Structure formats: C-alpha cells, structure tokens
**Q** 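After the structure tokens below, expect a handful of questions from me.
Since the structure is predicted, the reported quantities are computational estimates derived from the model, not experimental observations. Any value given below was found using the heavy atoms of this structure, including those in side chains, with hydrogens, waters and symmetry copies removed.
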Amino acid sequence: QVQLVESGGGLVPAGGSLRLSCAAPGPTFSSYCMGWFRQAPGKEREFVAAISRNAYSTAYADSVKGRFTISRSNPKNTVYLQMNSLKPEDTAVYFCAADRSSGIAVITSDYDYDYWGQGTQVTVSS
C-alpha cells in the first residue's frame, strides 16, 4: 500500500496562484505515473493533469492547459501542481493519485490509478 499525502490547498482570490504537493514515501515512487484529479461539490471527479514516471511526458485537461503545470521530483518522492490564474470554477477538492502499472505512459483515466490521497481543498473566491 502506498500512502499519498497532499498539501498546499487553501483559499485564494481569482487570478491568484497555489502550488499543491503530494508526498509518497517509499522506494517505488519513481516507477509510478502520477496524476491530479479534482471533484467539485455535486460533480463527478475529473482529470486535471498527469506526469509519466520519468517526467518526459505530461497531460492536461483542456480547462487547465496554459494555467497549471505538473512536475515531479523523484529524489524527493513528490509531485507538484502549480496552479496559476485561478478561477472560481477551479474550486474543488484536489486528489493526488499513483498508477503502478503504466510503464512510461501518461494515464488520464481515474479508473486506472491504484492509490489515492485524502484530498486537499482549493477554494477560489470571485
């Protein structure tokens, strides 16, 4: 079992920035594709961004392209989500996830992820 711990959420005005972090202690972090998903009240969980295990490939939802950047530090066992130009519609609980079987691919379907964090709240005020 892999424990994922998110941090960095909070309340920010529209146009502001936040950086989320997800720590995954253990020796196997570098073998996982890592992803960020979010869920707003009354809505289904949706894909936000993902990064391959070697960081060579990334993928983004259309709604966040050009505003969000996913990155990772394998020596630190941490994945990041830099969120700029935040909008009220970005308000959601953000979840970090790890996929152990993707090889070097980038995975965008939440169905394929094996481990999940507890989530961190991001609230963007208008």
**Q** Between N77 (side chain only) and G26 (backbone N and O only), is there a donor and an acceptor less than 3.5 Å apart?
**A** yes
**Q** Determine the minimum heavy-atom distance between S52 and N54, stating which atoms define it.
**A** OG-OD1, 2.8 Å
**Q** If I compare all heavy atoms of C33 with all of R72, which pair ends up nearest, and what's the gap?
**A** CA-NH1, 4.3 Å
**Q** Nearest 0.5 Å please: distance from the CD atom of Q39 over to the CG atom of D110.
**A** 9.5 Å
**Q** Can you get from V106 to V64 by hopping between Ile, Leu, Val, Met, Phe, Trp and Tyr side chains that sit under 4.5 Å apart?
**A** no
**Q** Give the ring-plane orientation class for W116 versus F95, where under 30° counts as parallel, over 60° as perpendicular and anything between as tilted.
**A** perpendicular
**Q** To check you understand the geometry: which heavy-atom pair defines the closest contact between S125 and P13, and what is its length?
**A** OG-CA, 3.3 Å
**Q** Just wondering, more than 12 heavy atoms not from E89 lying within 6.0 Å of its CD?
**A** yes
**Q** Is there a side-chain contact between C96 and E6, using heavy atoms and a 4.5 Å cut-off?
**A** yes
**Q** Is there side-chain contact between S17 and Q82, with heavy atoms separated by less than 4.5 Å?
**A** yes
**Q** Would you give the length of the straight line joining atom CD of E46 to atom OG of S63, rounded to the nearest 0.5 angstrom?
**A** 5.5 Å
**Q** Quick check: do N84 and F68 have side-chain heavy atoms less than 4.5 Å from each other?
**A** no
**Q** Rounded to the nearest 0.5 Å, what separates atom OG in S21 from atom CG in L81?
**A** 9.5 Å
**Q** Output the distance between atom CG (L20) and atom CE (M83), rounded to the nearest 0.5 Å.
**A** 3.5 Å
**Q** Do you know which of D90, T91, T120 makes side-chain contact (heavy atoms from CB on, under 4.5 Å) with R38?
**A** D90
**Q** Kindly assign one of parallel, tilted or perpendicular to the pair F47 and F37, based on the angle between their ring planes and the thresholds 30° and 60°.
**A** perpendicular
**Q** Under a single-linkage definition using a 4.5 Å side-chain heavy-atom cutoff for Ile, Leu, Val, Met, Phe, Trp and Tyr, are Y60 and W36 assigned to the same hydrophobic cluster?
**A** yes
**Q** Counting C-beta onward and ignoring hydrogens, is there a side-chain heavy-atom pair between N74 and F29 closer than 4.5 Å?
**A** yes
**Q** Do Y32 and R53 come close enough that some side-chain heavy atom pair is under 4.5 Å?
**A** no
**Q** Indicate the atoms forming the closest heavy-atom contact of P88 with A14, along with that distance.
**A** CD-CB, 4.1 Å
**Q** Say you draw a straight line from OH of Y113 to CE of M34; how long is it, rounded to the nearest 0.5 Å?
**A** 8.0 Å
**Q** I need the I107 CD1 to D114 CG distance, nearest 0.5 Å.
**A** 10.0 Å
**Q** Is Y80 linked to V93 within one hydrophobic cluster, defined over Ile, Leu, Val, Met, Phe, Trp and Tyr using a side-chain heavy-atom separation of less than 4.5 Å?
**A** no
**Q** What are the two closest heavy atoms between C22 and L4, and how far apart are they?
**A** SG-CB, 3.9 Å
